[in-house]
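Remarks on the structure that follows.
In what follows, chains are A, B, ... by sequence order, proteins preceding strands, each numbered from 1. Keep in mind the model is a prediction, meaning the values are calculated, not measured. Below, all heavy atoms of this structure are taken into account, side chains as well, without hydrogens, waters or symmetry copies.
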Number of protein chains: 2
Amino acid sequence: MAKRNGSSTLSENVTKKLQSDILAGQYEPGSPLTVSELAKGFEVSVAVVREALTRLATHGLVLQNPNHGFSVKTASEEELNNIIQARSLNESEALRLSIAYGDLTWESNVIAVHHKLSQTAEYREVNQKLAVSEEWSDIHRQFHYELIAACPNPVLLDICRRLWDLSEFYRHYPTPHQQTRDGRAEHKALMDAVLSRDSDRAVKIFRAHIQLTADNLFNNP
Amino acid sequence: MAKRNGSSTLSENVTKKLQSDILAGQYEPGSPLTVSELAKGFEVSVAVVREALTRLATHGLVLQNPNHGFSVKTASEEELNNIIQARSLNESEALRLSIAYGDLTWESNVIAVHHKLSQTAEYREVNQKLAVSEEWSDIHRQFHYELIAACPNPVLLDICRRLWDLSEFYRHYPTPHQQTRDGRAEHKALMDAVLSRDSDRAVKIFRAHIQLTADNLFNNP
DNA sequence: ACGATTAAAATAAACGATTTATATTTACAG
DNA sequence: CTGTAAATATAAATCGTTTATTTTAATCGT
């Protein structure tokens, strides 16, 4: 850090880095984020860290208590269910609109990113334990974004993007049991429904897809 | 300003003041918000103004261009339609849930705030022209919040709150023609549907209600 | 020994000045 | 004149420090 690159600002870079660190599970949920310490770590002034934390706080990834500083968002099964419910509502609608408005270029992009996703390993080994690959996470996000990319309502898309980040926060949780689901098949089925312009089927598959993610995490049958 | 009051911070107060000023139409849409000028006006340092603007920027009320500072959000009919669409989706769902989960206390609160709303004048005279009363605006917001207050999903409620602020941005626009609608009757009908726990009817009335607001603003038949 | 009160340390929030980037003006060459 | 480049002006971004608040530690009295 410590230097501005390109036309972007230091605050922007620190915000991005902090966000990806939090989403990658670098910090324990609920743990305090001391401005001065982070500033030392990033080799920037307290002002830019403060600005970054302020942004993340309004995004919901960081908690801000007046005169008590910042801390990482806490996690709960209840909240994940609320996020999933909101995502289900908004992303389903965005998906419908995307299917209704998407053109040939969009179709091609969907196929392209799905191919990439299907050829990327979801887990990698990190000191004898399986962990979600950061690369896969990124492509997975791209895939879901692409599905709704043809939705002509930017407000709706922004909501979807924020909700994705919030649910991403839960992805790096220790999974209680081995995944039994077939994520690859689900993605394939979802893409097929989308490409055949079958909104109802696509939404149905999508809803089941994200519900399974939540259930898997907290070990619900 | 210039002094911290209570347990809240200066930034918080400036944020609130700036937000209400913007929503009240104090600044022209698209006009630049110079940090140093605002700091002088509020008699605070540039840091707190910056923090306030950063917050409002992530909320969407303010635009931030890296190295070009901040400006008031621009307005367009298209964007209002997008906001209304998103509001319709989320607030309808919140309304359904609220109707499903609301208890007797909630019912009473709905009735109470509706009474207040029905007894408050929507317009007041400002140098020979009619303008929306700030007091009415506030109670109107409270009324709509109360309708969905029993929704048990805070994530959904937060989305609704943000979308409300965004659409509120358009409320202070010069209305091209005299309002012909009967807002009072709409609110009464909405409340009646809610209290009789008729979700479908309530949602239908609500959707028509916010659609009319948008149509009225841009003079659509 | 324990709880309340006060002093000390740590951290958050705010400040004002400096540095860096962008926009504007002026000078100059073609 | 017109286009380009240097110089200046303006505003944004960042910095290091100061002030206020909270938390921890210590002291005192009962």
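Side-chain nitrogen and oxygen atoms of A:Thr9 include none within less than 4.0 Å of the OP1 or OP2 phosphate oxygen of D:dA12. At the phosphate of C:dT22, OP1 or OP2 sits under 4.0 Å from a side-chain N or O atom of B:Asn67. Contact annotation: B:His68 side-chain N/O to C:dA21 OP1/OP2 distance is not under 4.0 Å. Note on B:Ser45: every side-chain N or O is 4.0 Å or more away from OP1 and OP2 of C:dA14.
The distance between atom CD of A:Gln64 and atom P of C:dA12, rounded to the nearest whole Å, is 11 Å. Rounded to whole angstrom, the span from the CG atom of A:Asn13 across to the P atom of D:dT14 amounts to 9 Å. Going from atom CD of A:Glu12 over to atom C1' of D:dT14 covers 14 Å, rounded to whole Å. Going from atom CZ of B:Phe70 over to atom C1' of D:dT10 covers 17 Å, rounded to whole Å. Rounded to whole Å, atom C1' of D:dT21 lies 14 Å from atom CG of A:Asn65. Between the CD atom of A:Glu51 and the P atom of C:dA14 there is a distance of 14 Å, given to the nearest Å. Straight-line distance from the CD atom of A:Glu37 to the C1' atom of C:dA10: 11 Å, rounded to whole Å. Between A:Lys40 atom NZ and D:dG16 atom P the separation is 13 Å, expressed in whole Å.
Between A:Phe42 and A:Asn13 the shortest side-chain heavy-atom distance does not fall below 4.5 Å. Counting heavy atoms from C-beta on, the side chains of A:Val49 and A:Phe70 never come closer than 4.5 Å.
With salt bridges taken as basic N to acidic carboxylate O contacts below 4.0 Å, one links A:Glu79 and A:Lys73. Using a cutoff of 4.0 Å between basic side-chain nitrogens and carboxylate oxygens, A:Lys40 and A:Glu37 are not scored as salt-bridged.
Nearest heavy-atom pair, A:Ala86 versus B:Leu156, reported as atom, atom and distance to 0.1 Å: CB-CD1, 4.2 Å.
Nucleic acid contact for A:Ser36: none, since no nucleic acid atom lies under 4.0 Å from a heavy atom of the residue.
Judged by closest nucleotide on DNA chain D, B:Leu33 is the one of B:Leu33 and A:Ala47 placed further toward the 5' end.
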